Structure formats: C-alpha cells, structure tokens
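Here's the structure, in structure tokens; my notes come after.
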There are 2 protein chains.
Amino acid sequence: MKEREIDESIRVYLAERGIRYTGGRRAVVRALQIAAGPQSAADLHQRLRRAIPLSSLYRSLAMLEEAGLLALHHGQGKVARYELAEWLSGHHHHLVCLECGAMGDFELEDKAEEQLLGLVATAGRRAGYQVRGHSLEVEGLCRSCR
Amino acid sequence: MKEREIDESIRVYLAERGIRYTGGRRAVVRALQIAAGPQSAADLHQRLRRAIPLSSLYRSLAMLEEAGLLALHHGQGKVARYELAEWLSGHHHHLVCLECGAMGDFELEDKAEEQLLGLVATAGRRAGYQVRGHSLEVEGLCRSCR
DNA sequence: TTCCTTGCAAACGATTTGCATTGGA
DNA sequence: TCCAATGCAAATCGTTTGCAAGGAA
C-alpha cells in the first residue's frame, strides 16, 4: 500500500470503531510511514520536531497499537519501538544494530519465507505453542557503526 | 556442555581475566542453567529465594554479560532477560508467549539452521550490515496461556 | 452539551549508581 | 593489605497516569 492509501485505510478503520483520527495521530502515522524501520517514542518525538509532547505520543502509540494498526518491538536496549502493522506495511523481518540499536526492515523471497513458515510451525507444534507469528532478526553492525 | 562442565569453564574463563567467580555469581549462573529459557532479574531473584538483593543481581548479570558469558534479550514487555551465552548453551532460538511473556528455547535441525544462515547472510549483505548473529523468534500462546 | 483528546506534572517500575562496608587472594 | 564485590538507599530513565483544559460532533 502507498502512503495515501494507508492513511485512508486507517481513517476508515478507525471510523468504523468510532475512534478519531486526529492531527496528532495522523502525524505519528506519517512519521512511521516515512521511517525505514521501527521507531521509538523518542525517535518520533525528534522527527516531529517536538511538536507533540512525549506523553501524547505515548498515548497515540498505545491507542494505535491497541487498535491493531501498529506493531510493537523491543529490539536492543530498553526502549520500545513501533512500526505499522504488517497488514499495512507487508510482512517483513528486521536488522538490528548491536551498536546503536537502530532497526531496519528486510523482506525474504517467497520461497524462503515459505521455508521459514514450515520451520516455525514445526517448532511451535513441538513446544505446544499456538503460533501467532514469527520474526527473524539479523544482528550486526549497521553501515554507520561498522 | 553439562552443568559441572559449564561451571568449570566459567571459573577458568573468569580467572583468566582476573575476575572473581563469587558465590553470588555462581548462584546466578546455576539458576540460569536450571531454567528452560531466558530469565529476568526478577525471575532470578525469586528462584534464588531473594537471597541476593536485586541491585547485586543486576550487577552480576551486567558483569557476566559484559564478560561474554550471558546473552541479553528483550522479548515481550519491558523487562530484560538473560541466558547463558551460546558458546556455553549451544545455538538455539526462542518461543515467546504473547500473553505472559515467558520465553522458551528450541533448536533447529542442522539442515534448517544452514538454510537460515544463508538467508541471514544474504539479508545482511544487501543491507550493508556486518552480521554478528541472528535469531528466529516464534510468537504465540504457550501451553498455560492458550 | 458531552465525550474524547491533549498537555503538564506527578507517579511508576525496571534498572543503575554512590558510597560505605565486607570479604577474598 | 588492598582492591573487588556487596548491600542499601537514592537516583535515573523510559513510560504511564491523574487531572484540568481544549475540541469536535
């Protein structure tokens, strides 16, 4: 989906649930669309030129995640990072920089993703888990830190 | 490696670096050996019957991780979880319960692990990352939460 | 009006640190 | 002896919440 399309999908999605798509929330979504990977509240605060106070940012993020529009990740460090939910951005995996904690996205080719799904299903079955999702994380040093 | 063997490896490893393997540190390592997956500081505090104050626990964990004996993970929630480093426990992956946040371990068959390594190397190269490791996380509901 | 949303400041919970004390080589 | 390790309490830091003010329907 493209930016405009995503924005519209979200508007409809929230309207159906009687939730307002306010300027602040829209700004958060836009900032996440532009970013190349999961962003922390502090990251977004910067990107939005501190126009939105951290407490409001946290509230918007929590609300959007609760509604199923954002996904929450805890990569390196102790900060939470958010990104658009996969039904909006597409399924993908992450690269995590061990040095600066930045996270980036990457996609697997279909065949590879299929293989992975197989492995995941097997592992889940063996452990008695009801599998809901999976994620492959590649850890290393990013371009700027290596 | 078996418990006794691991304990001895650690003793030697720390001795070589002029770091003491004290009772408290040994207790932390033992608790981690017994556990089935990554443990939080609070988990360990419980398991050790509160015999070791949290601040000391955190210090031991930080020191052992710094030395390369433990690995740190941030699964669900906002708590850090530790486990023995892979050179002691063997390479493996994790299952994370979306409900209670518990983490469990699982291993991939050699062939599967090899495939995964291939995918990881490719993704890293494309993104300009110097790859240091990877981890496959399976998310779902654990036996007790499903 | 009537909720929902926002901002600010205070509160929280996990983790860290200062400092005086203890313990091991 | 002498420095590393420990315990306690206070400090931090990311995040959450109470409450009064602002806004949209």
Side-chain angles (χ1 to χ4, degrees), chain A residues 10-29 31 38-67 69-82 100-103, chain B residues 10-31 38-67 69-83 100-103:
Chain A
I10 292 179
R11 173 218 292 295
V12 171
Y13 184 91
L14 289 178
E16 286 171 349
R17 289 164 177 69
I19 298 171
R20 292 185 206 154
Y21 193 29
T22 63
R25 290 169 184 176
R26 191 179 299 257
V28 169
V29 168
Q39 304 292 301
S40 69
D43 291 340
L44 294 168
H45 190 231
Q46 296 269 40
R47 282 169 183 268
L48 296 172
R49 297 180 181 177
R50 302 159 194 281
I52 298 173
L54 272 171
S55 67
S56 298
L57 246 176
Y58 278 112
R59 268 196 274 237
S60 291
L61 292 169
M63 183 262 119
L64 292 167
E65 196 227 337
E66 177 83 12
L69 292 167
L70 301 185
L72 173 57
H73 301 278
H74 294 272
Q76 290 298 115
K78 60 192 83 174
V79 303
R81 285 166 191 280
Y82 292 85
C100 68
M103 293 180 82
Chain B
I10 292 178
R11 199 185 58 69
V12 172
Y13 185 90
L14 289 177
E16 286 171 350
R17 290 166 177 68
I19 299 171
R20 293 183 206 157
Y21 193 28
T22 64
R25 290 170 183 176
R26 190 179 301 256
V28 170
V29 168
R30 183 137 10 103
Q39 304 292 300
S40 68
D43 290 341
L44 295 168
H45 190 230
Q46 296 268 40
R47 281 169 185 268
L48 296 171
R49 297 179 181 176
R50 303 158 192 281
I52 298 174
L54 273 171
S55 66
S56 298
L57 245 176
Y58 278 111
R59 268 198 272 238
S60 291
L61 291 169
M63 184 262 119
L64 291 167
E65 196 227 337
E66 177 83 12
L69 292 167
L70 301 185
L72 172 57
H73 301 279
H74 295 273
Q76 290 298 115
K78 57 193 84 176
V79 303
R81 285 167 190 279
Y82 292 86
E83 65 178 349
C100 68
M103 293 180 82

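In the text below, chain A, chain B and the rest are named by the order of the sequence lines, each starting its count at 1. Being a predicted model, the structure only gives us computed values, none of them experimental.
Of the candidates C:dT16, D:dT16, C:dC8, the closest approach to any side-chain atom of B:Tyr58 belongs to C:dT16. When distances are taken from the side chain of A:Lys78 to each of C:dT16, C:dC8, C:dT5, the shortest belongs to C:dT16. Listed nucleotides: C:dG7, C:dG23, D:dG7. Nearest to the side chain of B:Arg20: C:dG23.
For the pair B:Arg59 and A:Ser55, both in contact range of DNA chain D, the more 5′-proximal nearest nucleotide belongs to B:Arg59.
Counting non-hydrogen atoms under 4.0 angstrom, B:Arg25 reaches the backbone sugars and phosphates but no base. Within the 4.0 angstrom heavy-atom criterion, only backbone atoms of the sugar-phosphate kind lie near A:Thr22; the bases stay farther away. In this structure, B:Ile19 reaches the sugar-phosphate backbone alone: every heavy-atom distance under 4.0 Å involves primed, P, OP1 or OP2 atoms, never a base. Using a 4.0 Å heavy-atom distance criterion, B:Ala80 is classed as a sugar-phosphate-only contact.
Between B:His74 and B:Arg81, every side-chain heavy-atom pair lies at or beyond the 4.5 Å cut-off. Side-chain contact between A:Leu72 and A:Leu61: absent, with no pair of heavy atoms (C-beta onward) separated by less than 4.5 Å.
Around the CZ atom of B:Arg17, the shell of radius 6.0 Å holds more than 12 heavy atoms that belong to other residues, nucleotides or ligands.
B:Ser60 places a side-chain N or O within 3.5 Å of a backbone atom of B:Ser56 that can act as its donor or acceptor partner.
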